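Quick notes on the structure that follows.
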Amino acid sequence: MCEHDLASVAAIEKDVYIFPWTIGNFRDSLLSAYDCWSCWAHGELIGYAIVMAALDEAHLLNFAVASRWQQRGVGAQFLQFLIDQARNTKRDMLYLEVRPSNAAGVRLYERFGFKQLGVRRDYYPAMTDREDALFMGLNIARKIL
Ligand SMILES: CC(C)(COP(=O)(O)OP(=O)(O)OC[C@H]1O[C@@H](n2cnc3c(N)ncnc32)[C@H](O)[C@@H]1OP(=O)(O)O)[C@@H](O)C(=O)NCCC(=O)NCCS
């Protein structure tokens, strides 16, 4: 992902999340040198991921596929790429948070072997009050053995 992609990323973000990141959040991610990935099909930006990596851990901060490209296998391929990338850069664990109400996300992560490690209380904004996050992790090191 580069600065030039930010408008397209922010447009998808607004479409797929009720509480989207701002374009500034994505710009900060680029400036912070997080791993910022964009996914393309036929010249169109159709998904993105933001990964913060430190030492032997990587944390998936944001991950989305444009709505009209969803349920066509893009998310699964993209997630496999992110797992491979984390493994190739010697990370042992890939962590993420997901809303319990996000059936598509939870199911995708479970399909890839992510395990629930905990619950972060009141982590997300919600229409009324706050929503907890499921804290999930995938042991990448173990999968190599
Ligand atoms: C989660 C997301 C990235 C999945 O992307 P996708 O391209 O639709 O995923 P795929 O087509 O590759 O589907 C892979 C698996 O995800 C799960 N899945 C995807 N869409 C689903 C849905 N609507 N309901 C239930 N499970 C779903 C299934 O396990 C599916 O595997 P299956 O078809 O073999 O059952 C996409 O729905 C998205 O961008 N959502 C909005 C942003 C978001 O919630 N991101 C995750 C935040 S933690």
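Residue numbers count from 1 along this sequence. Every number for a ligand or one of its atoms is a count from 1 in the order of the listing. Predicted, not measured: the structure shown is a model, and the values here were computed from it.
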To check your reading of the model: name the closest protein heavy atom to [atom], its residue, and the distance in Å.
| atom | value |
| --- | --- |
| atom 44 (O) of ligand 1 | Asn102 ND2, 2.6 Å |
| atom 29 (O) of ligand 1 | Arg107 CG, 3.1 Å |
| atom 8 (O) of ligand 1 | Gln71 N, 2.7 Å |
| atom 3 (C) of ligand 1 | Phe63 CE2, 3.7 Å |
| atom 12 (O) of ligand 1 | Ala76 N, 2.8 Å |
| atom 38 (C) of ligand 1 | Gln70 NE2, 3.3 Å |
| atom 17 (C) of ligand 1 | Ala104 O, 3.6 Å |
| atom 14 (C) of ligand 1 | Leu108 CD1, 3.5 Å |

So, regarding [X] and ligand 1 (criterion: nitrogen or oxygen to nitrogen or oxygen, under 3.5 Å), is there a contact or not?
| X | result |
| --- | --- |
| Val98 | no |
| Ala64 | no |
| Gln77 | no |
| Ala103 | no |
| Gly105 | no |
| Val16 | no |
| Arg111 | yes |

Should the proximity of Phe78 to ligand 1, defined as any heavy atom under 4.0 Å, be assigned to the side chain, the backbone, both, or neither?
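Within the 4.0 Å criterion, Phe78 makes no contact with ligand 1.
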
Under a 4.0 Å heavy-atom limit, does Tyr109 contact ligand 1 with its side chain, its backbone, both, or neither?
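For Tyr109, only side-chain atoms sit under 4.0 Å from ligand 1.
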
Would you tell me which option among Tyr48, Trp69, Tyr17 has the nearest heavy-atom contact to atom 47 (C) of ligand 1?
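That would be Tyr17.
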
Taking [X] first and then [Y], would you say they form a salt bridge - that is, a charged N and a carboxylate O separated by under 4.0 Å?
| X | Y | answer |
| --- | --- | --- |
| Glu44 | Arg68 | yes |
| Glu97 | Arg120 | yes |
| Asp56 | Arg91 | no |

Within a distance of under 4.0 Å, is there any protein heavy atom near atom 6 (P) of ligand 1?
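Protein heavy atom within 4.0 Å of atom 6 (P) of ligand 1: present.
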
Ignoring hydrogens and geometry, is there a side-chain-to-backbone donor-acceptor pair from Asn25 to Thr22 under 3.5 Å?
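Indeed, once roles are kept as given, a pair shorter than 3.5 Å links the two residues.
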
Which atoms form the tightest heavy-atom contact between Phe114 and Leu94, and what is the distance?
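Closest pair (atom of Phe114, atom of Leu94, distance): CE2-O, 3.4 Å.
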
Locate the shortest heavy-atom distance separating Ser67 from Val16; write the atom from each residue and the value.
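Nearest pair, atom of Ser67 first, then Val16: N-CG1, 4.0 Å.
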
Can you classify the ring geometry of Phe81 versus Trp37 as parallel (below 30°), tilted (30 to 60°) or perpendicular (above 60°)?
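Correct class here is perpendicular.
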
Ignoring hydrogens and geometry beyond distance, is a side-chain donor-acceptor pair present between [X] and [Y] at under 3.5 Å?
| X | Y | result |
| --- | --- | --- |
| Asp5 | Ser8 | no |
| Tyr48 | Glu13 | yes |
| Ser38 | Trp40 | yes |

Atom CD of Gln116: over 12 foreign heavy atoms under 6.0 Å
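Atom CD in Gln116 is packed in, count exceeds 12.
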
With side-chain hydrogen bond (donor to acceptor under 3.5 Å, both in side chains) as the criterion, how do Asn62 and Tyr17 come out once you've worked through the C-alpha distance, each side chain's angles and the decisive distance to 0.1 Å?
CA-CA 11 Å; Asn62 199 333; Tyr17 289 113; 3.1 Å; yes

Is there a side-chain contact between Tyr95 and Leu60, using heavy atoms and a 4.5 Å cut-off?
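Tyr95 does not reach Leu60 side chain to side chain.
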
If the cut-off is 4.0 Å to any non-hydrogen atom of [X], which atoms of ligand 1 fall inside it?
| X | result |
| --- | --- |
| Arg72 | 11 (O) |
| Gly73 | 10 (P), 11 (O), 12 (O) |
| Glu97 | 48 (S) |

